[in-house]
Amino acid sequence: RELAGLMDRGVLIPLGPPYVEDLMTVKTRGGFIDLYSLLENIGVKLAEGEKPEPFNLSGAYMERVEHLAGIAGIDLHQPTMALHVRESWGTAFDQRSVERDTYLPAIREAIKLGYQVVRFGGDRQTPFPEITGLTDLVAKFPGDNSLDLYFLTRATFLMSTLSGPASVSL
């Protein structure tokens, strides 16, 4: 009973990584969970000094990734800098929000060093200007966050504001 209680509270995680089956849900040992709840849970685990379990992406999810990457012109075998820029949307500024254009020098430097840059985020974000080497998924697929988890887990590195995706990449 003690072990079951630990599992119910999420303290003890059974072996075996979760997998992504649907576009915005991840199956964990506790059942399906939406991406943003998962990000929150991972943030809590990190704050408590625990390491979140790794992700395995299902074949169905990877087929979807390959399809969308092809449409967007993304080479899944090229080194990638994932980029998440959270803007304030005209509300009160907090430490998670930034001015989008402050990232332009870093984007250009990463591209110069041979990385492709893939920007993801919510559909309220302002698209970046056209830059060769930058794929802005916010502009390319408005309202579709299905590639976010792929780039969080597979990018060479992530440049991000202090919002949920930064926790996943750790």
Side-chain angles (χ1 to χ4, degrees), residues 7 10 12-46 50-87 100 103 106-107 109-128 130-170:
M7 288 170 51
L12 180 64
I13 308 287
L15 291 178
Y19 65 94
V20 173
E21 191 59 52
D22 198 351
L23 298 182
M24 288 302 294
T25 38
V26 177
K27 184 171 184 189
T28 66
R29 295 290 183 201
F32 283 97
I33 187 170
D34 68 275
L35 179 60
Y36 293 100
S37 296
L38 177 67
L39 295 177
E40 183 178 324
N41 292 349
I42 289 171
V44 168
K45 285 189 182 299
L46 289 171
E50 296 179 36
K51 184 173 175 148
E53 56 188 23
F55 296 95
N56 277 345
L57 305 178
S58 74
Y61 179 79
M62 287 305 299
E63 286 177 19
R64 175 82 173 153
V65 166
E66 290 168 5
H67 174 73
L68 291 175
I71 292 171
I74 299 169
D75 180 354
L76 298 178
H77 303 289
Q78 182 179 348
T80 303
M81 178 181 94
L83 177 66
H84 183 267
V85 178
R86 183 183 189 278
E87 297 172 87
R100 180 205 66 182
Y103 282 75
I107 291 168
E109 185 65 21
I111 292 167
K112 188 169 84 174
L113 293 171
Y115 293 92
Q116 66 183 343
V117 178
V118 177
R119 190 268 186 109
F120 64 93
D123 59 355
R124 295 191 300 174
Q125 306 302 323
T126 307
F128 274 96
E130 292 285 326
I131 299 172
T132 301
L134 167 66
T135 302
D136 191 342
L137 297 177
V138 171
K140 190 75 73 176
F141 304 117
D144 182 351
N145 297 97
S146 59
L147 292 175
D148 294 8
L149 193 58
Y150 175 84
F151 287 104
L152 281 170
T153 60
R154 298 298 203 278
T156 309
F157 66 96
L158 169 70
M159 179 174 283
S160 177
T161 56
L162 295 174
S163 58
S167 299
V168 174
S169 68
L170 295 174

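Computed from a predicted structure; not experimentally measured.
- In this structure a side-chain-to-backbone donor-acceptor pair under 3.5 Å is present from Q116 to D75.
- The two residues M81 and A110 make their nearest non-hydrogen contact at SD-CB, 3.8 Å.
- Judged purely by atom type and a 3.5 angstrom limit, Q78 uses its side chain to pair as donor or acceptor with the backbone of G114.
- Contact check for L152 versus L158: side-chain heavy atoms found under the 4.5 Å cut-off.
- Between the Y61 side chain and the S146 main chain, a donor and an acceptor come within less than 3.5 Å of each other.
- To the nearest 0.5 Å, atoms OG1 (T153) and CG (D148) are separated by 10.5 Å.
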* Asked: For F157 and Y115, what are the C-alpha separation, side-chain angles and deciding distance, and is it a ring-ring contact (aromatic ring centres under 6.0 Å, His included)?
  -> CA-CA 10 Å; F157 66 96; Y115 293 92; 5.2 Å; yes
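- Of the inter-residue distances, the one linking H67 atom NE2 with E63 atom CD reads 11.0 Å to the nearest 0.5 angstrom.
- Under the 4.5 Å side-chain criterion, counting only non-hydrogen atoms from C-beta, L137 is in contact with I74.
- The CG atom of D144 sits 6.0 Å away from the CG atom of L68 when rounded to the nearest 0.5 Å.
- The backbone N or O of F120 sits nowhere less than 3.5 Å from a side-chain atom of D136 that would complete a donor-acceptor pair.
- The closest side-chain heavy-atom distance from T80 to V117 is not below 4.5 Å.
- R119 has its side chain out of reach of T135: every pair of non-hydrogen atoms, C-beta onward, lies at least 4.5 Å apart.
- Separating the CG atom in L147 from the CG atom in L76 is a distance of 8.5 Å, to the nearest 0.5 Å.
- In this structure, F151 and L83 have side chains that are not in contact, with every pair of non-hydrogen atoms separated by 4.5 Å or more.
- Taken to the nearest 0.5 Å, the CZ atom of F128 stands 4.0 Å off from the CD1 atom of I107.
- Within the model, atoms NE2 of H84 and CE of M159 stand 14.0 Å from one another, a figure rounded to the nearest 0.5 Å.
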